[in-house]
Amino acid sequence: MSISGIKGFNDILPGDVEKWHFIETVARQVFQCNGFSEIRLPILEKTELFSRSIGDTTDIVEKEMYSFTDKGENRVTMRPEGTASVIRAFIEHKLYALDSVNKLYYMGPMFRYERPQKGRYRQFHQIGAEVLGVSDPKIDAQLLTMVKSFFDELGITEPKLEINSLGCSKCRPAYREVLKDFLREKLPLLCEDCNRRFETNPLRALDCKIPGCKEATANAPAMVEHLCLECEEHFTAVQGYLQVAGTSYSINSKMVRGLDYYTRTTFELVTGLLGAQSAVAAGGRYDGLVSELGGPELPGIGFAMGVERVALLLSEREFKRSCDLFIVTHGEKAQEKAFALMCQLQTKGVSVELDYESKSLKSQMRRADKLSARFTLIIGEEELEKGKGQLKSMANGEQQEVILDVEAIKSLLA
Ligand code: HAM
C-alpha cells in the first residue's frame with residue numbers, strides 16, 4: 001500500500017512552484033527597496049518563547065502548537081509564526097547594538113494544528129517583515145504602503161487594507177473593563193469560547209465569527225474611542241501619513257488579532273475571494289514585546305502574509321516554466337552533437353532540453369511545444385555535414401541557418 005502525506009501538510013508541485021518563485025522574487029525586490037535584510041531562523045524553538053510572546057490564552061498557544069519533548073527532555077515547538085523568533089534572535093545576537101533601526105524579513109514554513117480547509121493548512125508558509133527600533137508613525141504608514149505595493153507588483157489589487165488601534169498598556173486595561181461591562185449581560189448570547197475567554201481575553205468576542213456573538217457585539221464600545229492621548233495622536237498620524245503616501249485603507253474597529261503582543265496599530269489585508277480565510281496578510285505594532293522577551297525597551301512593528309493564500313489569488317495566471325532551446329535530432333551522430341551543445345550551452349546559462357531517447361521528429365516537436373521552448377534547433381545528418389543547423393523561433397515560425405557553435409547559437413537566442 002502506498003503512503004500518503006499528512007493531512008494539512010501539502011506538496012507544492014512543479015507548475016505551482018514557479019508561482020511561489022514569482023511571489024518570493026517580488027517580495028525580495030519590494031522589501032529590499034524599503035531597506036529590509038533577510039534573516040533565516042530555525043523551525044524549532046523553546047515552547048516558552050511562544051507562550052510568553054503570543055500569549056497563553058490565545059488559540060495558537062492553547063490548542064494549535066506542534067509541541068513535544070525532545071530526547072534531551074526539552075519542551076520544544078515547531079514555530080507557529082515568525083515574529084517571536086525574530087525578536088529572540090534580535091536579542092540573542094544584540095542586533096540593536098549594531099544599528100538603532102533594524103528591518104528584517106523572513107520566509108518559511110509555520111505550523112499550526114488547525115482544521116484544514118481551503119487557504120488554511122497545518123504547515124503553511126509566511127513571508128514576513130519586522131521593523132525594530134522605530135515608534136514614529138511614519139514607519140507604520142511605510143510598512144502598510146510596502147505591503148500594498150507588494151500586491152500591486154503581483155498584479156493583485158483585490159485585498160483591501162483595514163486598520164485599527166489596540167491602544168497601549170496605559171489605555172487598554174481601562175477599555176477592557178468598559179468592554180467587560182458591556183459583555184457581562186450578553187454572556188448568555190455568546191458562544192462557549194467567548195464565555196471562557198471573558199475574564200482572560202474579552203476582546204476576542206469582538207472578532208468571533210459565530211453569528212450570535214457577532215450580533216451581540218454589534219454595538220460594543222470600540223478601542224479607538226477609548227485611546228489615551230498619545231495613542232490617539234499616533235493613530236491619527238498613521239492615517240495622515242497613509243494619505244500622504246496615497247495608500248487607501250478603512251478602519252475596522254472590531255479587528256482584534258489572534259496574538260496578544262499587539263499594541264497600537266494593527267492591520268489586515270482582507271479579500272472576499274478565499275471564503276472563510278479572508279486575511280491574506282496581517283500584522284501590527286508590538287511595542288512591549290522586545291522587553292517582555294528580555295531585550296531592551298524598543299518598539300516593533302511587522303506583518304506576515306500567507307503564501308498559500310497569495311498563490312490562490314494568483315491562481316488564474318499561468319506560471320509555466322519554459323526553456324530557451326529544444327534541440328531536435330535525427331540520427332545517432334546528431335544526438336551526440338546535440339548532447340555536447342546542450343552541455344556547453346547550459347554552462348553558459350542557456351536552458352536547453354532534448355529527448356534522451358531517439359524518437360520521431362514529430363514527437364520531439366511535440367515535446368518542444370510542451371516545454372514551451374522559445375526556439376528549436378534541428379540537427380540531422382545533412383546539417384552535421386555542413387556544420388549548420390536550422391534554428392526556428394516558436395513564437396513566429398521564422399527559421400534561419402546557424403553554425404553549430406555555442407557562441408553563434410547563443411547570440412541568436414537573445
Ligand atoms: P497571523 O495573523 O497569525 O499573524 O498570520 C499572518 C498570515 O498568515 C495570515 O493573515 C494568513 O494569511 C497566514 N496564515 C495564518 N495561519 C494560516 C494557516 N493555518 N494556513 C494558511 N495561512 C495561514 C502572525 O503570524 C504574525 N506573526 C504577523 C506579524 C508579524 N505581526 C507582527 N509581525
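Atoms considered below: every heavy atom in the structure, side chains included; atoms not considered: hydrogens, waters and symmetry mates. First listed ligand is number 1; within each ligand, the first listed atom is number 1.
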- Query: For Leu312 and Lys118, what are the C-alpha separation, side-chain angles and deciding distance, and is it a side chain to side chain contact (heavy atoms under 4.5 Å, CB included)?
  - Reply: CA-CA 9 Å; Leu312 280 168; Lys118 182 182 171 191; 4.2 Å; yes

| Between Phe198 and Lys180, is there a cation-pi geometry (under 6.0 Å to ring centre, at most 45° from the normal)? | yes

Within 4.0 Å of some non-hydrogen atom of Val280, the atoms of ligand 1 are 10 (O), 12 (O)

side-chain hydrogen bond (donor to acceptor under 3.5 Å, both in side chains) for Thr265 and Asp140? Distances and angles first, verdict last.
CA-CA 7 Å; Thr265 317; Asp140 305 44; 2.7 Å; yes

### Query
Is the number of heavy atoms from other residues, nucleotides or ligands under 6.0 Å of Gln399 CD greater than 12?
yes

Checking heavy-atom distances from atom 15 (C) of ligand 1 to each of Tyr113, Phe124, Tyr121, the winner is Phe124

Looking only at protein heavy atoms, what sits closest to atom 21 (C) of ligand 1 is Gly119 O, 3.2 Å

Under 4.0 Å between heavy atoms, the region of Ile301 that gets near ligand 1 turns out to be neither

Subject >> Whether Tyr175 side chain and Pro221 backbone form a donor-acceptor pair below 3.5 Å >> reply: yes

Restricting to heavy atoms, the pick from Glu64, His125, Gln126 nearest atom 25 (O) of ligand 1 would be Gln126

> Between the side chain of Asp405 and the main-chain N/O of Glu407, is any donor-acceptor distance below 3.5 Å?
Replying inline: yes

Checklist line | Glu130 and Lys103 ion-paired at < 4.0 Å | finding: no

When distances are taken from atom 13 (C) of ligand 1, the protein heavy atom at minimum range is Gly306 CA, 3.6 Å

for atom 11 (C) of ligand 1, nearest protein heavy atom and its distance come out as Arg309 NH1, 3.4 Å

One finds that the ligand 1 atoms under 4.0 Å from a non-hydrogen atom of Leu259 are 3 (O), 4 (O)

For atom 30 (C) of ligand 1, the closest protein heavy atom turns out to be Thr83 OG1, 3.0 Å

With Leu161 as partner, the option from Thr145, Asn252, Leu269 fulfilling side chain to side chain contact (heavy atoms under 4.5 Å, CB included) is Leu269

In terms of its nearest heavy atom to atom 31 (N) of ligand 1, the top option of Phe303, Phe267, Tyr262 is Tyr262

Quick note on ligand 1: atoms under 4.0 Å from a heavy atom of Ala282 include exactly 2 (O), 10 (O), 28 (C), 29 (C)

Closest to atom 3 (O) of ligand 1 by heavy-atom distance, out of Arg112, Arg79, Arg285, is Arg112

Short version for Glu130: what comes under 4.0 Å of ligand 1, heavy atoms counted, is side chain

message: A cation-pi test, strictly: NZ or CZ of Arg122 under 6.0 Å from the centre of the six-membered ring of Phe9 and no more than 45 degrees from its axis. Yes or no?
response: no

When distances are taken from atom 7 (C) of ligand 1, the protein heavy atom at minimum range is Ala304 O, 3.6 Å

Of all protein heavy atoms, the one nearest atom 19 (N) of ligand 1 is Glu114 OE2, 2.7 Å

Answer yes or no: is there a donor N or O on one side and an acceptor on the other, between the side chain of Arg52 and the main chain of Glu292, under 3.5 Å? yes

Nearest non-hydrogen protein atom to atom 10 (O) of ligand 1, with distance, is Ala279 O, 3.4 Å

message: Taking a cutoff of less than 4.0 Å between a non-hydrogen atom of the residue and any ligand atom, is Gly258 in contact with ligand 1?
response: no

Nearest non-hydrogen protein atom to atom 1 (P) of ligand 1, with distance, is Arg257 NH2, 3.5 Å

Examine Tyr96 together with Phe90 and report whether their ring centres are nearer than 6.0 Å. yes

Evaluation steps, ring pair (Phe, Tyr, Trp, His ring centres under 6.0 Å), between Phe36 and Tyr105: CA-CA 6 Å; Phe36 286 78; Tyr105 77 88; 7.2 Å; no

The answer for which part of Tyr261 has a heavy atom under 4.0 Å from ligand 1 is side chain

